[in-house]
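Have a look at the structure below before the remarks.
The chains referred to below are lettered A, B, ... by the order of the sequence lines, with proteins before strands, and numbering in each begins at 1. Owing to the predicted nature of the structure, the values given are computational and were not obtained by experimental measurement.
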Number of protein chains: 2
Amino acid sequence: MARKSGSHSEITGPRIKQAALELFARHGFAAVTMRQIAATVGVQAGAIYNYTPDKQALLFDLLDGHMLDLLRKWSVELVPIDPIAALDHFVAFHLDFHIKRPELVFISYMELRNLTEINFKVIVEKRRIYEKIIHNLILSGVTSGDFSVPDPKITSLALIALLTGPVDWFREDGRLTSDELTRQYCALTRQALGVSAQA
Amino acid sequence: MARKSGSHSEITGPRIKQAALELFARHGFAAVTMRQIAATVGVQAGAIYNYTPDKQALLFDLLDGHMLDLLRKWSVELVPIDPIAALDHFVAFHLDFHIKRPELVFISYMELRNLTEINFKVIVEKRRIYEKIIHNLILSGVTSGDFSVPDPKITSLALIALLTGPVDWFREDGRLTSDELTRQYCALTRQALGVSAQA
DNA sequence: GATTGATCTGAACGTATGTTCAGTTAATAT
DNA sequence: ATATTAACTGAACATACGTTCAGATCAATC
């Protein structure tokens with residue numbers, strides 16, 4: 001055997017994924033060509049096919065990896081039992097996770113339709129699992145009397161939209177630190193869920 | 001002259017726009033071909049060029065028309081002076097306008113990057129004007145003491161994200177009527193802006 | 001019924017696409 | 001030194017793209 005360590009593949013593979021991510025986010029999946037990705041990495045288009053079977057797999061791996069990362073990271077969080085504390089915890093987690101991955105969040109939202117039917121279903125199922133987390137969280141707060149919302153299902157969808165919004169405008173080097181962002185969104189969501197002023 | 005009235009152009013033109021809108025929304029601007037649009041309308045690809053100079057203009061006209069429509073419709077609204085009533089009015093207006101045009105809202109958010117630089121600036125400027133409306137509305141409520149928010153600028157951005165979210169999931173024939181949706185989102189935004197419980 | 005001109009067809013244009021693959025390169029192991 | 005083979009090149013493949021345009025079509029006008 002030749003080229004075990006010191007091989008380029010260990011560096012070229014991730015670089016292709018990274019280039020695909022950035023280009024898909026900036027120009028859209030359909031508008032990006034394999035040659036553009038290759039040029040960004042510094043290889044010829046043919047070389048990409050040593051690392052992915054086709055363009056579709058390149059997109060799917062990015063989205064599926066993103067959702068797996070999200071679910072795995074949440075599964076090891078230590079979530080408080082108290083609904084209000086749990087809400088704060090979720091808000092902080094969701095904001096932190098999403099703000100650190102603006103490109104992945106963006107393409108996960110808007111390149112779903114470019115997935116094949118099978119790949120689409122895989123991603124949607126993972127998303128459904130995540131939505132269930134916040135839904136259950138709201139339900140437990142309503143049951144305990146800590147939250148006051150007219151419709152937990154709608155509120156959970158609204159909350160995700162609210163908490164994902166900052167991805168569009170938050171900048172790490174902006175006038176707002178991520179800590180301040182979290183504090184403000186904790187207050188905002190508490191108000192939105194009708195948590196009484198003290199606590 | 002021949003063919004003044006009874007001309008096909010009066011019907012084909014709008015049909016091309018409509019087909020482009022639906023296809024752009026479903027598959028993305030870059031993924032849609034002129035031949036697909038033509039086939040949807042029932043003409044050959046070449047015929048489209050009687051109605052638009054190129055594919056780019058097709059996209060721009062949709063987005064610019066959408067923003068013009070939004071700003072014009074708001075400009076003739078009779079907005080209450082009282083900040084809380086004005087907020088309710090804005091929430092109802094924004095939800096109603098956006099829910100009725102899910103495809104336009106979707107492509108306005110995600111096809112911006114496929115505009116040429118000049119066209120991009122035109123749309124972003126119109127969007128800025130709209131954002132200023134809700135920003136000023138919040139500022140007036142904070143000044144009057146009706147609202148309690150830590151940062152009006154961030155809150156205005158969060159509010160737009162919150163109020164545009166339903167476009168993704170609201171269905172006219174779903175279990176929620178648009179009136180109920182409006183009522184719930186009025187309550188949700190009041191809570192989010194810290195409006196005290198009575199009123 | 002001949003003329004007009006807006007509307008549309010159908011083929012062609014140059015260029016670009018995703019993907020394949022025979023062959024070159026170069027780092028490792030013997 | 002030689003053999004081995006992962007990694008990559010560069011050209012080619014069939015197909016598709018946006019756009020153009022000479023000519024066909026046909027309803028309204030004279």
Side-chain angles (χ1 to χ4, degrees), chain A residues 1-24 26-63 107 111 113-119, chain B residues 1-24 26-62 107 111 113-116 118-119:
Chain A
M1 286 169 252
R3 291 248 208 144
K4 263 191 180 152
S5 68
S7 167
H8 282 187
S9 84
E10 288 156 18
I11 199 88
T12 305
R15 289 226 296 155
I16 288 172
K17 275 193 152 188
Q18 181 62 30
L21 171 60
E22 288 170 11
L23 289 169
F24 289 168
R26 182 145 47 218
H27 304 110
F29 174 75
V32 172
T33 71
M34 296 301 260
R35 276 168 250 262
Q36 278 178 54
I37 297 171
T40 304
V41 174
V43 297
Q44 291 294 319
I48 294 180
Y49 291 85
N50 288 327
Y51 302 95
T52 190
D54 51 31
K55 199 185 171 192
Q56 167 74 202
L58 221 41
L59 176 62
F60 175 73
D61 286 348
L62 285 171
L63 300 203
I107 69 169
E111 299 297 355
R113 59 187 170 189
N114 282 309
L115 292 173
T116 61
E117 203 179 312
I118 294 169
N119 286 343
Chain B
M1 295 165 246
R3 289 245 208 150
K4 266 191 178 152
S5 67
S7 167
H8 283 187
S9 85
E10 289 155 18
I11 198 88
T12 305
R15 290 225 294 155
I16 288 172
K17 276 193 151 187
Q18 181 61 30
L21 170 59
E22 288 170 12
L23 289 169
F24 289 168
R26 181 146 44 216
H27 304 110
F29 175 75
V32 172
T33 72
M34 296 301 260
R35 276 169 250 260
Q36 279 178 55
I37 297 171
T40 303
V41 174
V43 297
Q44 291 294 319
I48 293 179
Y49 291 84
N50 289 327
Y51 303 94
T52 190
D54 51 30
K55 198 184 171 192
Q56 168 74 202
L58 221 42
L59 176 62
F60 175 73
D61 287 348
L62 285 171
I107 69 170
E111 299 297 354
R113 59 186 169 191
N114 282 310
L115 291 174
T116 61
I118 293 170
N119 286 343

For this session: Report which part of the nucleic acid Val32(B) touches: base, sugar-phosphate, or nothing (heavy-atom distance under 4.0 Å, all strands).
Result: sugar-phosphate

Specify the separation, in whole Å, of atom [atom1] of [X] and atom [atom2] of [N].
X        : N       : atom1 : atom2 : result
Phe29(A) : dT17(C) : CZ    : C1'   : 12 Å
His27(B) : dC17(D) : NE2   : C1'   : 17 Å
Arg15(B) : dT7(C)  : CZ    : P     : 15 Å
Leu23(A) : dG18(C) : CG    : C1'   : 16 Å
Ile48(B) : dG10(C) : CD1   : P     : 15 Å

Exercise. Quick one: which of dT7(C), dT9(C), dG10(D) gets closest to the side chain of Gln44(A)?
Worked result: dG10(D)

Distance (rounded to the nearest 0.5 Å) between [X] [atom1] and [Y] [atom2]:
X         : Y        : atom1 : atom2 : value
Ile107(A) : Leu23(A) : CD1   : CG    : 11.0 Å
Tyr51(B)  : Leu58(B) : OH    : CG    : 13.0 Å
Lys55(B)  : Phe24(B) : NZ    : CZ    : 6.0 Å

Exercise. Within the pair Thr12(A) and dA7(D), is there a side-chain N or O less than 4.0 Å away from OP1 or OP2?
Worked result: no

Exercise. So does Tyr51(B) get a side-chain nitrogen or oxygen closer than 4.0 Å to the phosphate oxygens (OP1/OP2) of dC8(C)?
Worked result: yes

Which protein N or O atoms sit under 3.5 Å from an N or O of nucleotides 19-23 of chain D?
residue: dT19(D); atom: OP2; partner: Tyr49(B); partner atom: OH; Å: 2.6
residue: dT19(D); atom: OP2; partner: Lys55(B); partner atom: N; Å: 3.1
residue: dT19(D); atom: O5'; partner: Tyr49(B); partner atom: OH; Å: 3.2

For this session: List the steps, then state whether side chain to side chain contact (heavy atoms under 4.5 Å, CB included) holds for Thr52(A) with Ile16(A).
Result: CA-CA 9 Å; Thr52(A) 190; Ile16(A) 288 172; 5.7 Å; no

Which donor-acceptor pairs under 3.5 Å do the side chains of residues 36-49 of chain A make with protein atoms, sequence neighbours left out?
residue: Thr40(A); atom: OG1; partner: Gln36(A); partner atom: O; Å: 2.8

Seminar exercise, completed: side-chain hydrogen bond (donor to acceptor under 3.5 Å, both in side chains) filter on Asn119(B), not counting sequence neighbours, yields Gln56(B), Thr116(B)

For this session: Specify the residue among Ala31(B) and Asn50(A) whose closest nucleotide of DNA chain D lies further upstream toward the 5′ end.
Result: Asn50(A)

